Amino acid sequence: QLQLVDSGGGLVQPGGSLRLSCAGSGFSLTYYTIAWFRQAPGKEREGIVFINSGDDTTYYVDSVKGRFTISRDNTKNTVYLQMNSLRPSDTAVYSCEAGIAIRSTLEPAKYDYWGQGTQVTVSS
């Protein structure tokens with residue numbers, strides 16, 4: 001059974017850091033484009049970053065660029081999202097999504113699998 005498990009959320013103070021994980025089970029994430037989405041209370045769901053399959057090229061939206069970093073560890077079949085300099089406005093449920101035969105998109109309908117979501121709260 002194909003499974004995508006995201007984890008690593010929690011409560012952190014402004015300026016702090018968290019590392020989210022997106023682990024694949026039953027399929028290799030190497031061949032999938034992986035994106036992270038988030039949805040804050042009362043806000044629309046937004047895609048914030050992707051990493052392509054094949055060449056591992058990345059894209060970040062302006063609100064997270066320079067603060068967040070996406071990376072792969074193929075040995076662990078896991079994609080990470082390192083989040084630094086966190087702000088209260090980063091508070092949201094974060095989820096990873098995987099898509100095969102796609103690249104360079106933050107359109108959620110293009111993705112095939114998704115994690116259950118992990119809560120990130122940035123507060124004093």
Side-chain angles (χ1 to χ4, degrees):
Q1 179 66 40
L2 301 180
Q3 191 175 19
L4 198 64
V5 180
D6 42 31
S7 62
L11 175 64
V12 65
Q13 293 185 342
S17 298
L18 286 172
R19 189 179 72 165
L20 306 184
S21 298
C22 178
S25 180
F27 66 107
S28 176
L29 298 187
T30 302
Y31 307 108
Y32 286 76
T33 292
I34 307 296
W36 286 92
F37 291 75
R38 68 183 183 184
Q39 186 165 23
K43 301 291 186 179
E44 295 183 353
R45 190 167 181 259
E46 63 170 342
I48 57 172
V49 58
F50 63 74
I51 182 167
N52 284 319
S53 62
D55 60 5
D56 282 351
T57 54
T58 60
Y59 171 81
Y60 303 84
V61 297
D62 288 343
S63 60
V64 308
K65 190 176 181 66
R67 300 188 298 122
F68 292 9
T69 303
I70 190 170
S71 62
R72 295 182 186 268
D73 186 336
N74 291 331
T75 300
K76 297 181 178 180
N77 200 30
T78 299
V79 171
Y80 299 103
L81 182 65
Q82 179 67 45
M83 306 187 297
N84 298 326
S85 301
L86 284 163
R87 308 163 179 168
S89 59
D90 294 319
T91 296
V93 175
Y94 287 71
S95 60
C96 63
E97 299 192 4
I100 199 163
I102 65 170
R103 62 183 292 113
S104 299
T105 181
L106 289 175
E107 183 178 346
K110 296 292 183 66
Y111 287 84
D112 301 301
Y113 304 99
W114 58 93
Q116 78 282 1
T118 184
Q119 176 71 51
V120 172
T121 302
V122 185
S123 177
S124 298

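Just so we're clear, the structure is a prediction, and the values are computed from it rather than from any experiment. Worth knowing before you read on, the calculation uses all heavy atoms, side chains too, and leaves out hydrogens, waters and symmetry mates.
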- Task: Could you walk me through whether I102 and E107 pass side-chain contact (heavy atoms from CB on, under 4.5 Å), step by step?
- Result: CA-CA 10 Å; I102 65 170; E107 183 178 346; over 6 Å; no
- Rounded to the nearest 0.5 Å, what separation is found between the CD1 atom of I48 and the CG atom of L81? 5.5 Å
- Task: Compare all side-chain heavy atoms of D112 with those of I100 and state whether any distance is below 4.5 angstrom.
- Result: yes
- Query: Considering only heavy atoms from C-beta outward, does the side chain of Y113 approach that of Y32 to under 4.5 Å?
  - Reply: yes
- Can you find a pair of side-chain heavy atoms, one from T69 and one from Y60, that are under 4.5 Å apart? yes
- Task: State the CZ-CG distance between R103 and D55, to the nearest 0.5 angstrom.
- Result: 4.5 Å
- disulfide (SG to SG under 2.5 Å) pairs touching residues 74-124, sequence neighbours excluded, are C22-C96
- Criterion side chain to side chain donor-acceptor pair (under 3.5 Å) on T30 and N74, from CA distance to verdict: CA-CA 6 Å; T30 302; N74 291 331; 3.3 Å; yes
- Query: Just wondering, do Y111 and T105 contact through their side chains at under 4.5 Å, heavy atoms?
  - Reply: yes
- Task: Would you mind listing every side chain to side chain donor-acceptor pair (under 3.5 Å) that reaches into residues 17-27, with sequence neighbours excluded?
- Result: S17-N84
- Message: Would you say D73 and T78 are linked by a side-chain donor-acceptor pair, where the criterion is simply a distance under 3.5 Å?
- Response: no
- Item | Atom pair CG (L29) and NZ (K76), whose distance is rounded to the nearest 0.5 Å | 14.0 Å
- Query: Can you tell me how far the CZ atom of F50 sits from the OG1 atom of T57, to the nearest 0.5 Å?
  - Reply: 6.5 Å
- Task: Flag the pair D90 / F68 as yes when at least one side-chain heavy-atom distance between them is below 4.5 Å, and no otherwise.
- Result: yes
- Task: Determine whether R38 and V120 make a side-chain contact, defined as any pair of heavy atoms from C-beta on separated by less than 4.5 Å.
- Result: no
- Message: Are the side chains of Q119 and L11 in contact, using a 4.5 Å heavy-atom criterion?
- Response: no
- Query: Going by the disulfide (SG to SG under 2.5 Å) test, which pairs reach into residues 42-71, not counting sequence neighbours?
  - Reply: none
- Close side-chain approach of E97 to P108, heavy-atom, < 4.5 Å: yes
- Separation of S104 OG from N52 CG (nearest 0.5 Å): 4.0 Å
- Task: Look up atom CE in M83 and atom CG in L18, then write down how far apart they are to the nearest 0.5 Å.
- Result: 4.5 Å
